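This report refers to the structure that appears directly beneath it.
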Amino acid sequence: MMALGIIDRFSDQKKAVVLVDELNKQFIIDQSDLPQGCQVGSRLNLELTDDQSEIRLIRMNRNQTDAKKQAIKDKMEKLQLKGRENGKLKRRDKR
């Protein structure tokens, strides 16, 4: 079975936490088992065992990773532009 995973975080023990939303699961993987260039937020194509308990193969999905990074960059630029147009960002009252 194929699934899309996202690197959520790295631990101090050189492990990566990979979330698979469609299965509502997380996998803990040695960083050394990840494809080169992976970082937090990288999208991974995962080949899972039939019972979905283990990962057989990991490939970085560079297209989805790059697309997500670009979308985040675009949103940040839009927010910064909006902030400049308004003089500065408005603060919300915490009432």
Side-chain angles (χ1 to χ4, degrees):
M1 175 195 178
M2 294 297 291
L4 179 67
I6 301 169
I7 299 176
D8 182 59
R9 63 189 177 278
F10 292 105
S11 73
D12 294 338
Q13 294 82 24
K14 304 280 185 191
K15 304 280 185 182
V17 178
V18 176
L19 305 179
V20 181
D21 286 340
E22 63 192 273
L23 301 175
N24 199 28
K25 283 186 124 173
Q26 74 176 15
F27 293 93
I28 309 298
I29 303 168
D30 288 330
Q31 284 184 18
S32 60
D33 292 337
L34 293 173
Q36 188 174 358
C38 286
Q39 55 190 332
V40 171
S42 292
R43 272 48 180 173
L44 305 172
N45 291 330
L46 306 173
E47 183 180 318
L48 305 175
T49 56
D50 290 337
D51 64 358
Q52 303 168 354
S53 64
E54 294 181 36
I55 298 173
R56 287 185 185 160
L57 183 66
I58 303 170
R59 289 192 186 105
M60 185 170 172
N61 188 321
R62 293 196 189 281
N63 291 337
Q64 282 197 9
T65 298
D66 292 345
K68 191 62 172 179
K69 281 183 185 179
Q70 187 62 48
I72 291 169
K73 182 180 175 188
D74 292 347
K75 281 185 179 183
M76 290 300 294
E77 288 174 357
K78 189 174 180 181
L79 284 172
Q80 289 171 350
L81 180 60
K82 185 177 179 180
R84 279 187 243 129
E85 288 173 354
N86 293 334
K88 62 180 180 178
L89 294 177
K90 295 181 181 179
R91 292 165 83 175
R92 289 178 130 182
D93 289 336
K94 296 182 181 180
R95 293 182 194 182

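In this text the structure is predicted, and so the values were computed from the model without any measurement.
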Item to complete: Kindly give the heavy-atom pair with the smallest separation between Q31 and A16, and that separation in Å.
Response: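 The pair with the smallest heavy-atom distance is CG-N, 4.3 Å.
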
Item to complete: Could you note down all residue pairs passing salt bridge (Lys or Arg N to Asp or Glu O under 4.0 Å) where residues 5-31 supplies at least one of them, sequence neighbours left out?
Response: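 Checked against salt bridge (Lys or Arg N to Asp or Glu O under 4.0 Å) - neighbours excluded - the pairs reaching residues 5-31 are K15-D30.
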
Item to complete: Starting from the C-alpha separation in whole Å, work towards a yes-or-no answer on side-chain contact (heavy atoms from CB on, under 4.5 Å) for L79 and L81.
Response: CA-CA 5 Å; L79 284 172; L81 180 60; over 6 Å; no

Worksheet item: For Q70 and D66, does a side-chain donor sit closer than 3.5 Å to a side-chain acceptor?
Response: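 Looking only at side-chain atoms, D66 and Q70 do not form any donor-acceptor pair under 3.5 Å.
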
Worksheet item: Does the side-chain contact (heavy atoms from CB on, under 4.5 Å) test come out yes or no for V18 and L46, once each step is laid out?
Response: CA-CA 10 Å; V18 176; L46 306 173; 4.1 Å; yes

Quick check for you: to the nearest 0.5 Å, what is the distance between [X] atom [atom1] and [Y] atom [atom2]?
X	Y	atom1	atom2	value
L44	R62	CG	CZ	10.5 Å
R56	L48	CZ	CG	8.5 Å
I29	I58	CD1	CD1	4.0 Å
E77	K73	CD	NZ	5.5 Å
E54	F27	CD	CZ	9.0 Å
R43	I6	CZ	CD1	4.0 Å

Fill in: Exceeds 12 heavy-atom contacts within 6.0 angstrom, atom CG of D74
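Result for CG/D74: enclosed.
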
Discussion item. Heavy-atom count check: over 12 atoms from other residues, nucleotides or ligands less than 6.0 Å from M2 CE?
Written reply: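 Yes - once you tally the heavy atoms of other residues, nucleotides and ligands closer than 6.0 Å, there are more than 12.
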
Hey, quick one: are [X] and [Y] part of the same hydrophobic cluster, counting side-chain heavy atoms closer than 4.5 Å, chains of contacts allowed?
X	Y	answer
I55	M1	yes
I28	L19	yes
M60	L4	no

Worksheet entry | Side-chain donor/acceptor of S42 to backbone N/O of I7, under 3.5 Å |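 Pair absent, no side-chain N/O of S42 close to backbone of I7.
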
